[in-house]
Each structure stands twice: as structure tokens, then as C-alpha cells.
Asker: 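Shown below is the structure under consideration.
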Protein chains: 2
Amino acid sequence: MSAAEKHDVFQAIADPTRRKVLQLLAEGDLPISEITSHFSMSRTAIAKHLHILSEAELVSGRKVGREKRFRLQPEPLAELKQWLSFYDQYWDNKLSILKHVIENSGENGLKVIEAEKDTDEPL
Amino acid sequence: MSAAEKHDVFQAIADPTRRKVLQLLAEGDLPISEITSHFSMSRTAIAKHLHILSEAELVSGRKVGREKRFRLQPEPLAELKQWLSFYDQYWDNKLSILKHVIENSGENGLKVIEAEKDTDEPL
DNA sequence: TTGACATGAAACCAAAAGGTTTTATATAAT
DNA sequence: ATTATATAAAACCTTTTGGTTTCATGTCAA
């Protein structure tokens with residue numbers, strides 16, 4: 001019930017481009033060419049990324065007409081979530097977590113935290 | 001306050017060996033050679049993995065005597081957790097999550113779930 | 001001070017990753 | 001029927017990864 005699974009979830013999300021693709025698909029199903037339009041690389045490159053995401057079963061593609069529409073399939077992220085949960089017990093307190101999240105405000109959706117910086121809600 | 005950070009958390013945990021190293025260090029600080037003894041690869045290889053984990057600030061090493069002891073630093077995992085949380089809204093129900101976790105019972109610590117399969121607690 | 005131990009660092013290597021360009025094929029629209 | 005669109009597939013290229021072996025260095029112990 002699963003393909004060769006050459007790539008797992010951990011590898012799949014390791015690449016920033018693929019994470020951005022996932023984020024895009026979160027807003028709705030999209031065909032390859034439309035996904036490509038959001039990047040500065042060839043359609044072929046994006047197709048390969050989609051293939052890897054597909055192997056990890058994070059996306060699925062079905063051909064409709066002449067285009068292939070891809071859909072987000074977030075279920076495999078559960079494995080990651082579970083893996084992460086193991087390390088919960090090694091955190092002393094929530095402040096150190098929050099500190100790190102704020103400091104590491106990379107490209108990866110800090111919106112939630114940033115939105116809350118104005119409020120006095122200390123989490 | 002952070003090094004060159006050539007590798008981020010996502011890349012750091014992409015490799016199964018590095019995940020196993022993290023798991024080992026969760027039980028307590030260890031010097032390189034002792035970590036190496038748990039693997040079938042050279043000490044140099046493990047040292048490189050530790051370096052990558054170090055860049056991601058998932059571990060820290062301090063020299064004590066002639067050995068270098070490494071310690072788990074789970075804080076950067078918060079970034080991952082936050083990234084994950086974005087996709088929570090795309091899950092329909094918890095059953096699909098549980099289903100996937102059980103099916104994908106890889107090497108990555110399924111113990112919790114397996115222990116709960118006997119109970120009638122449906123999560 | 002002479003070994004043994006623990007690590008560091010460099011050179012090297014094969015395979016995988018992440019791209020590109022080119023060629024082919026199926027579908028839609030005119 | 002012809003052309004434009006959307007993708008697929010193959011060949012190729014460069015850089016990174018993940019490993020090795022070799023040699024140098026610092027530290028502990030006898």
C-alpha cells in the first residue's frame with residue numbers, strides 16, 4: 001500500500017523549496033506549472049520535488065485533463081509529530097522554547113509568534 | 001550569538017544516524033568514542049554528524065579532560081514544532097493521524113502507541 | 001617520559017541531491 | 001488538422017553528503 005518509499009518524511013521536509021511547496025498546497029490544490037510560477041527554477045525541478053514529496057506521501061497528484069493537480073496530504077507529518085513528542089520531556093520550561101522560536105525567526109512561518117509579540121499574552 | 005549555521009534543524013534531523021545520536025544523548029551526556037560504539041561506522045563519521053548537529057545547535061560539546069562530552073540541546077526542535085503546528089488545521093480528524101502513525105511504525109520510537117494498542121483508550 | 005587514549009584535521013571517494021536542457025507524448029483549443 | 005499547453009522522461013552537470021583512511025595533537029597513566 002505504499003510505494004518504494006525511497007524518501008521518508010524527514011528527508012522530504014529537509015529542503016526549503018519542498019517546505020514552500022507544501023505551504024502553497026495548503027491553500028489549495030494546484031497543477032505543476034502553477035506551483036512552478038511561485039519559484040525561480042524550472043518546472044522540471046519542481047516536478048522532481050513533487051516526486052519526492054509524493055514518495056513521502058505528503059502530496060498526491062491526480063491527472064485531470066492535461067494537467068496534474070497536486071494535493072497536500074499532511075498525515076505523514078504525524079510521524080514527525082510523534083518523533084518530536086519524545087523530546088518534550090527534555091525541555092525545562094516553556095520560556096526557553098519561546099526564546100528559541102523568536103530568535104530563530106527563519107523563513108518558516110513565524111507569523112503566529114510575531115502576531116503575538118504586540119499583545120501582553122505571555123503564552 | 002549563533003555560529004555560521006550552515007545547517008538548520010530540518011537538515012540536521014533528516015539523517016537517521018543523527019536522529020539516533022540525538023536519542024542516545026537524550027539518556028545522558030556522552031563522549032564521541034562512546035557514541036561511536038553504538039554504530040557501525042568510524043569515529044570520524046560520527047564526529048562529522050556531531051558537527052552538523054552542533055551547527056543546528058541540537059547538541060553542544062565541551063571538552064573535559066581529554067574527551068569531549070556532548071549534550072543534547074532540544075530547544076531548536078521548537079522551530080520544528082512550530083512549523084508542524086501550521087499543518088494541524090489541515091487534519092480532518094485524529095483517527096487518520098493515529099492510523100498513519102501505526103502504519104508507519106518505522107525505527108522511530110513507536111513505543112508509546114504500541115503500548116496503548118492494548119488499552120481501550122481510543123486517544 | 002613513554003605509551004595509550006581521545007580527539008582533530010586533512011585528503012580522498014562514491015553516491016545522492018538539486019539543478020539544467022532536450023526530446024517526446026498526450027490533451028485542448030482553434 | 002494544426003498548434004499551443006501541460007506534463008513526462010532522459011541525459012547531463014555541479015555541489016553536497018556521508019563515508020573512508022591517514023596523520024597530527026593533546027592528555028592521562030604508568
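Residue numbers begin at 1 in each chain, while the letters A, B, ... track the order of the sequences. Since the model is a prediction, treat every value here as computed from it, not as a measurement.
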Asker: How many Å lie between CE on A/Met41 and P on C/dG18, as a whole number?
Answerer: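 Whole-Å distance recorded here is 10 Å.
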Asker: With heavy atoms under 4.0 Å as the rule, sort A/Ser33 into base, sugar-phosphate or nothing.
Answerer: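 Touches sugar-phosphate only.
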Asker: Are any non-hydrogen side-chain atoms of B/Tyr90 and A/Leu77 less than 4.5 angstrom apart?
Answerer: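 Result no, sub-4.5 Å side-chain heavy-atom pair not found.
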Asker: For B/Ser54, enumerate each residue passing the side chain to side chain contact (heavy atoms under 4.5 Å, CB included) test, keeping only those at least two apart in sequence or located in another chain.
Answerer: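 Partners of B/Ser54 by the side chain to side chain contact (heavy atoms under 4.5 Å, CB included) criterion, ordered by chain and then number, come out as B/Val59.
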Asker: From the set C/dG19, C/dT20, C/dG18, return the single nucleotide nearest to any side-chain atom of A/Ile52.
Answerer: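 The listed nucleotide nearest to A/Ile52's side chain is C/dG18.
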Asker: Can you measure B/Ile35 atom CD1 to C/dT7 atom P for me and round it to whole angstrom units?
Answerer: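 Atom-to-atom, B/Ile35 to C/dT7, this comes out as 9 Å.
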Asker: Quickly work out the A/Ile46 CD1 to C/dA17 P distance and round it to whole Å.
Answerer: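 Answer to the nearest Å: 17 Å.
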Asker: Which heavy atom of B/Met41 sits nearest to which heavy atom of B/Thr36, and what is that distance?
Answerer: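 So the two residues come closest at O-CG2, 3.5 Å.
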Asker: What is the nucleic acid contact for B/Arg18, judged by heavy atoms within less than 4.0 Å: base, sugar-phosphate only, or nothing?
Answerer: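 Here B/Arg18 touches the backbone only, sparing every base.
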Asker: Mind checking A/Gln11 for me? I need base, sugar-phosphate or nothing, with any heavy atom below 4.0 Å counting as a touch.
Answerer: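 Here A/Gln11 touches the backbone only, sparing every base.
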Asker: Using only side-chain N and O atoms of A/Ser42, determine if any of them is under 4.0 Å from OP1 or OP2 of C/dT20.
Answerer: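 Checking C/dT20 against A/Ser42, a side-chain N or O does come within under 4.0 Å of OP1 or OP2.
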Asker: From the 5' end of DNA chain D to its 3' end, which nucleotides mark the outer limits of contact with chain B, defined by a 4.0 Å heavy-atom distance cut-off (strictly under)?
Answerer: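 First and last nucleotides in contact are D/dT17 to D/dC28.
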Asker: Measure from CD on B/Glu67 to C1' on C/dA6 and round the result to the nearest Å.
Answerer: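 The answer, rounded to whole Å, is 8 Å.
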Asker: Any idea which heavy atoms bring B/Ala26 and B/Leu72 closest together, and the distance?
Answerer: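 For B/Ala26 and B/Leu72, the tightest heavy-atom pair comes out as CA-CD2, 3.9 Å.
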Asker: Quick test of your reading of the model: are A/Asp8 and B/Arg19 salt-bridged, counting only N-O distances below 4.0 Å?
Answerer: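 Judged by the 4.0 Å cut-off on N to carboxylate O distance, A/Asp8 and B/Arg19 do form a salt bridge.
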Asker: Below 4.0 angstrom, N of the basic side chain to O of the carboxylate: do A/Lys81 and A/Glu79 qualify?
Answerer: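 Looking at A/Glu79 together with A/Lys81, the answer is no, because their closest N to O distance does not fall below 4.0 Å.
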Asker: To the nearest Å, how far apart are B/Arg43 CZ and C/dC5 P?
Answerer: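 Rounded to the whole Å, the gap is 14 Å.
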Asker: For B/Lys68 and B/Lys48, take the nucleotide of DNA chain C holding the closest heavy atom to each; which residue's nucleotide lies nearer the 5' end?
Answerer: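 Looking at DNA chain C, the more 5' nearest nucleotide goes with B/Lys68.
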Asker: Measure across B/Lys6 and B/Gln11 and return the closest heavy-atom pair with its distance rounded to 0.1 Å.
Answerer: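 Scanning both residues completely, I find the closest heavy atoms to be O-OE1, 4.0 Å.
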Asker: Without decimals, in angstroms, what is the distance between B/Lys63 NZ and C/dA6 C1'?
Answerer: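 Atom-to-atom, B/Lys63 to C/dA6, this comes out as 10 Å.
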Asker: Measure from CG on A/Asp15 to P on C/dA17 and round the result to the nearest Å.
Answerer: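 For the pair A/Asp15 CG and C/dA17 P, the rounded distance is 11 Å.
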